Amino acid sequence: MSSSDDDIPLVKGRANGVKSQDRIPKSVDKAMDKGRPSNGHVDPGVSIRMGPVEEMDVDTPVANGHVNGKRKARNSTTNGKSYKEASSSEDDDKPLSKRRRTLQAAKAHVESDSELSDEPLAHRPRPAVKKPPKATAAQIGESSDSDTPLGAKLAKEKAQIEKAAEKEAKAIRKEEKKAAGSKRRSKVNSDSEDDVPLAKKKKPAASAKKTNGVKDEDSDVPLSRKAQAPKKTKVKVEASAPAKKSNAKAKKEEETEQDREAEEEEEQYKWWEDPTKGDGTKKWTTLEHAGVVFPPDYEPLPSSVKMRYDGVPVSLHKDAEEVAGFYGSMLNSTHNVENPTFNKNFFEDFKKILDKTGHGKDKNGNTVKIEKFEKCDFKPIFEHFEAERTKKKAMSAAEKKALKAAKEDAEAPYMHCMWDGRKQKVGNFRVEPPGLFRGRGEHPKTGKVKQRVQPEQITINIGKEAKIPEPPEGHHWKEVKHDQEGTWLAMWQENINGAYKYVMLAANSDIKGQSDYKKFEKARELKKHIDRIREDYRRELKSEVMADRQRATAIYLIDQFALRAGNEKGEDEADTVGCCSLKYQHITLRPPNTVIFDFLGKDSIRFYDEVEVDQQVFKNLKIFKKPPKTTDDDIFDRLTTSALNKHLGSYMQGLTAKVFRTYNASWTMAKLLREMKSTGSIAEKVKDYNDANRKVAILCNHKRTVAAGHAGQIEKMEEKINGLRYQQWRVKQMMLDIDPKQKKKRGAEYFERPEDLDGEWVKEHQAALVEEQRQKIRKKFEKDNEKLVAEGQKEMKAKELEERLKVADELEKKFKHENKTGKVEAEGKGPTIEKMEANLEKLTQRIETMKVQKDDKDNNKEVALGTSKINYIDPRLTVVFSKKFNVPIERFFSKTLREKFDWAIQSVDEDWEF
DNA sequence: CGACTATACTCAGTCTGGAGGTC
DNA sequence: CGACCTCCAGACTGAGTATAGTC
């Protein structure tokens, strides 16, 4: 078969990158099947050596570089054709016996492939997954069944997850136990807030809602009329006449009353039941809003606070000083301040400002030229900001509250807008303040100065009829638009990356709800097509056309492992990848069919996973990594995200790579919730839910940074456990003290101290216990003294303290004695073997629960549940679960989430299915 | 190019668990 | 002695933010 380059559009070539040839010669497939070395060369990048190679890592990039140097050089100068010739001739050279083997291997593949595609496609098990050395990569779902080779490992992970859940359960049990008592109070509190219809709420925040209720009255009024609804005027008054605040406030109160009643009787507007909603591109008919809130102007530092250059305090122009302040205020953020790129970028921009505004002046007015970053000392500025911060922190609660209230008052007009006559919350109405850009990961632009956004940069989007928000005095907007196809209220471009920033509505707004709803409906629709899609990509995994085979392989990865699409990225962005942008070094192949992913994904979060894949996929990846490709070459060099998405779109309107993530996440959650038993306390059910949530989070690789004190916390818990184990040993020794015959009865081993609690540890532990007791006694002594003084009595003398401290001395002595004699005297009155056994049992229990808690905590340290809950799990699943198992929705959704998912909460009953 | 979703981080505020105290 | 209360540091949560993706 002759391949023609013409019938395959060149998709993604890199300037001097390496590209796969368009067609995949049969011989290559065969060679891959068999893993035959070409000409006896060891070629780790492509083939598998014959013989006992299975355990070997076939394509360590490093090894490739070495072993393969020569071939690479040759191949890189030739094109795909030579590759084909080479491999086919190699193939033909083979002795017959080898050929036969090739055939068998190929046959085996066919069989396994057909087996796979015959399988009921609906949600067949995920390929088994192996735990990464670090972190989270349990794959979820059916793959955890132990019929897969790696099932055991998965089961282990599952167990860990379960353990994690137990902690929650425990907490809940406790809570329920307490429920009768003090707990009730807080429960009632939250109930009154959570369960009572909004109209009943008295909090000021609720008033917004209530007003909303009023608007809702006219929700059945034709849109055009709504625009003219009288409420509109009211908003205008509020927005433009802050002077009348007190008046307005009184009015508000009044309204609140009415609203309350209104809301009780009035149906709120349910867009999800409105057939006219959500189709077409026109997003609104009328739109009114107050624009944006600018950050406060820069306040120059007090004249006593100056940065130092080469030890000399220098006065800067206020613009330069502001930039110095950006840096100075974050000296405690070592992560940034110790990053050379950050410092370099900052200093470049800082110098630019200095060149513009003039350099610093010393106290005599002489110019100080700032040229070396190393000579800059921002500490005085840092200390100034720190002092401010502590001052702020030290403010009384009342002061803080007043400050907050004032801010809220000032911002009130911007908080909401009128969207087709309904009051809607605005999301980010505050213009981002200037500062230093904090790109994530190794972002080449991190540390650059993010400039203050001027009104002249801001475009306003608003209804034609509406009053245009006033720009700040002496300024004007860049532009005022009336784009009804946009959902944004204001927009500007940021100076670092030229990215567009939008002011949009809050997550609980109708428009966002609608698109959220659509997103999940789209994912549900994918259910209808998924079988066909999977069938197709399985077939195309063997396509002779390189582009198709790559596409099929990519879809496989996206479907199975929830990878992101992976758009191309520029030079001036952090070097992160998704599926289509995976590079040679991000995938390691380990025969027979394990793929190891290790790359930085979105936000430079590491994706590490060892997974077993379809034989054909394994083979394909081998082909895609074949030399001359090497480090930094694209694996999918014939594929782009747009080609991929275009293809997906042919299956279903609007189907793109990201839909698979939503689909798989929600589908997994649905399955897990379906399997859940309805028994147990509320707390246990919540824990079960969170476990399922956790699995989805792991699937999506949602991580969080490990909390600063985590290691310490774990260590503390370990020490506590060890303390208990030591105590356990002591109790056993007490048994011997009571009845020496026990040694024979139970065997000497029973009384041995655990090995890890060696002599040194014991001494340290004992010392710690003694010291702890001393501290306690001292503290108590001081406190008692304070009390005495407060009561006007004399405080106790130091002698009393010494007296009291004797208890600790006793303890110390006791330990010493124990160490010396190797015996422990039985404690407690009337000690018996039975009592000791009971003690032992108690200790064992405590140790067990602590261990569970510890493991749970450790396993959970870098899994973030929130992201999947907010973005991937269809909220209706949660609502169904809540209804079916009778757990209040508040246990799953916070107040804001309940608002965001109102459409879900109100629209489903317990029979709903994803 | 532009507009939208998705993401982790930050910080303030809330909650918890354990120690000590009281009855 | 144990049931319960109080206090407080430290852990955890939630809302907000701005960055990083997708299409």
Side-chain angles (χ1 to χ4, degrees), chain A residues 171 174-175 178 181-183 186 189-190 281 283 333 335 389 392-393 397 400-401 404 427-433 435 437-441 443 445-446 450 459 461 483 485-488 491 493-494 496-502 504-507 511-512 515-516 518-519 564-569 573-574 576-578 580-581 600-605 640-642 644-646 648-649 654-659 661-662 700-705 707-710 712-713 716 720 772 776 779-780 783-784 787 853 857 860 862 864-868 870-872 893-897 899-900:
Chain A
K174 190 162 182 187
E175 170 189 304
K178 264 163 57 182
S182 67
K183 178 75 197 174
S186 70
N189 261 344
S190 75
T281 49
K283 307 291 193 339
S333 171
H335 168 71
R389 262 169 49 122
K392 217 171 171 185
K393 244 186 188 164
K400 277 188 201 167
K401 221 171 158 184
K404 206 174 153 193
N428 53 329
F429 52 84
R430 267 164 269 195
V431 173
E432 290 172 15
F437 177 73
R438 284 143 112 147
R440 298 173 194 155
H443 199 295
K445 292 189 176 177
T446 190
K450 194 169 112 168
T459 304
N461 193 32
D483 178 4
E485 293 185 5
T487 68
W488 51 277
M491 183 260 281
Q493 226 170 340
E494 147 262 16
I496 308 276
N497 299 299
Y500 294 87
K501 300 285 191 161
Y502 295 89
M504 291 188 196
L505 298 199
I511 190 69
K512 291 282 187 190
S515 75
D516 215 26
K518 272 198 221 152
K519 174 181 77 184
R564 293 190 182 83
N567 280 312
E568 283 292 300
K569 295 193 72 183
E573 290 174 281
T576 61
V577 297
C580 294
S581 45
L600 297 183
K602 181 174 178 176
D603 292 318
S604 292
I605 296 294
T640 60
T641 51
S642 49
L644 178 84
N645 284 332
K646 201 176 156 206
L648 290 175
L655 181 61
T656 60
K658 92 191 254 291
V659 181
R661 253 167 99 80
T662 316
C700 295
N701 201 40
H702 290 144
K703 296 201 193 167
R704 56 175 178 171
T705 51
H710 178 81
Q713 286 169 27
K716 243 189 213 162
K720 232 173 190 171
E772 198 183 337
K776 258 185 213 166
K779 223 172 166 183
K780 171 114 170 54
K783 226 176 167 185
D784 285 354
K787 213 168 163 187
Q853 269 181 35
K857 195 180 181 120
N860 237 344
E862 50 178 16
L865 301 192
T867 310
S868 50
I870 293 168
N871 298 301
Y872 287 104
F893 291 154
S894 68
K895 181 166 152 277
T896 37
L897 274 193
E899 286 171 12
K900 165 172 167 147

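Because the structure is predicted, anything quoted here is derived from the model rather than measured. Below, chain A is the first sequence line, B the second, and so on; all start at residue 1.
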Minimum-distance nucleotide (side-chain atoms of [X] versus [options]):
| X | options | result |
| --- | --- | --- |
| H702(A) | dC4(B), dA11(C), dT7(B) | dT7(B) |
| Y502(A) | dT7(B), dC4(B), dA11(C) | dC4(B) |
| K895(A) | dA3(B), dT7(B), dA15(C) | dA15(C) |
| S515(A) | dT5(B), dC9(B), dA3(B) | dT5(B) |
| S894(A) | dA15(C), dG18(B), dG13(B) | dA15(C) |
| K857(A) | dG13(B), dC4(B), dC12(C) | dC12(C) |
| Y872(A) | dA11(C), dA6(B), dT5(B) | dA6(B) |

Integer-rounded Å distance: [N] [atom2] and [X] [atom1]:
| X | N | atom1 | atom2 | result |
| --- | --- | --- | --- | --- |
| Q493(A) | dC4(B) | CD | C1' | 16 Å |
| L897(A) | dG14(C) | CG | C1' | 9 Å |
| R704(A) | dT10(B) | CZ | P | 14 Å |
| K703(A) | dT7(B) | NZ | P | 14 Å |
| H335(A) | dA8(B) | NE2 | C1' | 12 Å |
| L505(A) | dT5(B) | CG | P | 10 Å |
| K716(A) | dG18(B) | NZ | C1' | 12 Å |
| E862(A) | dT7(B) | CD | P | 17 Å |

Inset, instruction - Could you tell me whether T487(A) contacts a base, only the sugar-phosphate backbone, or nothing, with contacts defined as non-hydrogen atoms closer than 4.0 Å? - result: sugar-phosphate
Inset, instruction - Give E485(A) one of three labels, base, sugar-phosphate or nothing, depending on what nucleic acid heavy atoms sit under 4.0 Å from its own. - result: sugar-phosphate
Inset, instruction - Taking side chain to side chain donor-acceptor pair (under 3.5 Å) as the test, write out the residues that go with D516(A), two or more places apart. - result: K519(A)
Legend entry - DNA chain B: 5'-proximal contact among T867(A) and K400(A) (nearest heavy atom):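 Checking each residue's closest nucleotide, the 5'-ward one belongs to T867(A).
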Legend entry - Residue closer to the 5' end of DNA chain B, M491(A) versus E772(A) (nearest nucleotide):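 The residue mapped nearer the 5' terminus is M491(A).
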Between atom [atom1] of [X] and atom [atom2] of [Y], what is the distance when rounded to the nearest 0.5 Å?
| X | Y | atom1 | atom2 | result |
| --- | --- | --- | --- | --- |
| M504(A) | K512(A) | CE | NZ | 5.0 Å |
| T656(A) | R661(A) | OG1 | CZ | 12.0 Å |
| R438(A) | H443(A) | CZ | NE2 | 14.0 Å |

Legend entry - Sugar-phosphate or base contact per nucleotide [nucleotides 16-23 of chain C; S, B, -; heavy atom under 4.0 Å]: -SBBBSBB
Legend entry - For R704(A) against A864(A), the heavy-atom pair lying closest together: CB-CB, 4.1 Å
Legend entry - Contact summary for A657(A) and A565(A), nearest pair of heavy atoms: CB-CB, 3.7 Å
Legend entry - Flag side-chain contact, heavy atom, 4.5 Å: I605(A) against N701(A): yes
Inset, instruction - Kindly check if the number of other-residue, nucleotide or ligand heavy atoms within 6.0 Å of NZ (K401(A)) is above 12? - result: no
Inset, instruction - Ignoring backbone atoms, test whether Q713(A) places a side-chain nitrogen or oxygen under 4.0 Å from the OP1 or OP2 oxygen of dA11(C). - result: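 Yes, within the criterion.
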